[in-house]
Amino acid sequence: MRSRYNILPMPFLLKNVLVLVCGSVAAGKAPTALRRLREAGYTLQVIATARALEFVTALTLATAAESEVHTDLDWFKVQPGGKHLELSHFPDAVVVLAATSDTMARAALGLSGDLASATLLSVRCPILWVPAMNPRMWEHPATQGHKTTLESWGHHFVGPVSGKLGTRGEGAGMGRMVEPEDVVGAVRALVTARDLEGLHFLVTAGPTREYLDPVRFISNPSSGKMGYAVAKVALERGAQVTLVTGPVSLTPPPGAKVVQIESALELKAAVDAAFESVDAVVMTAAVADYRASKPSSEKETKTSSALTLELTPNPDILKGLGERKTHQILVGFAMETDKGVDKAADKARRKNLDFILLNYPARVGEGIGFGADDNEVTLVRPDGTFEVWERMTKLEVGKRVLDGILERWKERNVK
Ligand code: CTP
């Protein structure tokens with residue numbers, strides 16, 4: 001049997017996505033979803049149904065997708081081969097956005113009287129449905145039956161979710177389309193190799209809080225975005241993920257086992273408990289190096305005199321894992337202001353890490369680092385060799401960190 005560590009990293013492939021926009025009121029969200037898909041690196045083609053064009057113009061869709069928009073009007077033009085067959089060769093995945101009960105029914109019944117339905121019958125790639133409709137229409141046995149049929153053919157669904165609906169007087173209910181970001185995540189999951197299946201990742205994220213009294217604490221501006229991005233990509237690639245997270249305002253990726261912590265000592269307890277059973281640890285948490293020696297159980301009242309705080313060093317959690325490490329791959333993140341590579345390599349050696357990702361706080365104002373969506377990092381190995389990575393999204397950094405972990409397993413296997 002092939003060792004589960006003997007897995008080659010997949011190169012990052014840009015993929016072609018064909019988006020079918022349907023005539024639900026949620027079609028208004030289609031331009032944002034198209035823009036997000038394009039920003040995530042996908043090349044798009046768009047089909048809009050006749051009803052969709054009553055909610056959003058073809059020009060808006062074309063501008064967002066940076067592609068032509070195909071409609072029933074082109075389809076009826078006399079041409080050899082047929083537009084649906086020509087389009088069916090393009091996609092690696094099809095997304096049916098703002099999917100209506102009508103489009104689902106046509107697909108489930110194999111009807112082909114319009115360009116969208118005919119294309120759905122012609123493609124041979126994964127199909128993702130993103131429904132958006134009135135809850136009563138969604139829950140109707142006809143729609144649910146069509147969903148079951150489509151799923152039995154391997155079609156995928158994301159949403160709908162419960163929430164406020166676009167139809168006047170309808171209030172809330174199960175039928176609202178998921179947000180554009182969730183569409184991107186679901187598409188990524190569809191076209192990404194599940195090369196981490198069977199592996200368990202422990203990811204830490206966010207800041208710790210070291211309370212001085214019940215209402216004051218020492219912390220840092222970590223947003224948790226880097227760790228959440230690693231967790232999300234690992235899940236999309238089929239891994240099991242335990243996400244130990246400090247207080248952040250992010251929603252954990254679906255499927256992660258989430259352990260909420262506040263202090264460094266709580267983080268240490270959670271990480272130590274999970275360590276034995278995991279294959280790799282990615283430690284993005286910004287751990288406070290000190291905690292109050294004598295935290296007060298009552299709120300401290302201010303005085304006019306200077307206040308001296310006595311702080312006790314927190315344990316180095318990652319170093320502790322480095323001492324216990326057997327089969328696990330250990331990855332740290334380091335923020336340095338100068339002599340970055342040397343200091344990071346030294347940290348990687350001291351903590352017995354496989355590699356460490358170096359980033360610089362000085363870049364925060366440029367949309368990189370703490371709180372931002374992008375990061376610019378350097379991968380540093382304990383032997384001092386390093387790779388400078390250009391600026392990229394944290395999701396892409398996460399993906400490359402996971403590729404780096406797979407490389408390490410490969411190296412270990414070879415040795
Ligand atoms: N780390 C940890 N426990 C600590 C401090 C840091 O596990 N008490 C982890 C971080 O999560 C990170 C790595 O160690 O992955 C490097 O963190 P960093 O703060 O840069 O390193 P320190 O060892 O704290 O060094 P210094 O603050 O002196 O630069």
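As the structure lists them, so they are numbered: ligands from 1, and atoms in each ligand from 1.
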- Task: Mind checking the CD-OG spacing from Gln45 to Ser67? Nearest 0.5 Å is all I need.
- Result: 5.0 Å
- Residue pairs, two or more places apart or on separate chains, that pass salt bridge (charged side-chain N to carboxylate O under 4.0 Å, His left out) and touch residues 151-160: Lys147-Glu151
- Task: Could you check whether the rings of Tyr211 and Phe217 sit parallel, tilted or perpendicular, using 30° and 60° as the cut-offs?
- Result: perpendicular
- Asp102 and Thr100: CA distance, side-chain angles, deciding distance, side-chain hydrogen bond (donor to acceptor under 3.5 Å, both in side chains) verdict: CA-CA 5 Å; Asp102 183 68; Thr100 55; 4.9 Å; no
- side-chain hydrogen bond (donor to acceptor under 3.5 Å, both in side chains) evaluation trace for Thr149 with Ser152: CA-CA 5 Å; Thr149 304; Ser152 74; 5.5 Å; no
Distances only, to 0.1 Å: what are the N or O pairs between ligand 1 and the protein that fall under 3.5 Å?
residue: ligand 1; atom: 3 (N); partner: Ile317; partner atom: N; Å: 3.1
residue: ligand 1; atom: 7 (O); partner: Ile317; partner atom: N; Å: 3.4
residue: ligand 1; atom: 7 (O); partner: Leu318; partner atom: N; Å: 2.8
residue: ligand 1; atom: 8 (N); partner: Pro315; partner atom: O; Å: 3.0
residue: ligand 1; atom: 11 (O); partner: Ala285; partner atom: O; Å: 2.8
residue: ligand 1; atom: 14 (O); partner: Lys351; partner atom: NZ; Å: 2.8
residue: ligand 1; atom: 15 (O); partner: Met283; partner atom: O; Å: 2.8
residue: ligand 1; atom: 15 (O); partner: Phe333; partner atom: N; Å: 3.0
residue: ligand 1; atom: 15 (O); partner: Phe333; partner atom: O; Å: 3.2
residue: ligand 1; atom: 20 (O); partner: Lys347; partner atom: NZ; Å: 2.6
residue: ligand 1; atom: 21 (O); partner: Lys347; partner atom: NZ; Å: 3.2
residue: ligand 1; atom: 23 (O); partner: Lys351; partner atom: NZ; Å: 2.7
residue: ligand 1; atom: 24 (O); partner: Asp289; partner atom: OD1; Å: 3.1
residue: ligand 1; atom: 25 (O); partner: Lys347; partner atom: NZ; Å: 3.4
residue: ligand 1; atom: 27 (O); partner: Asp289; partner atom: OD2; Å: 3.1
residue: ligand 1; atom: 29 (O); partner: Lys347; partner atom: NZ; Å: 2.8

- Query: Does atom NZ of Lys343 have more than 12 heavy-atom neighbours from other groups under 6.0 Å away?
  - Reply: yes
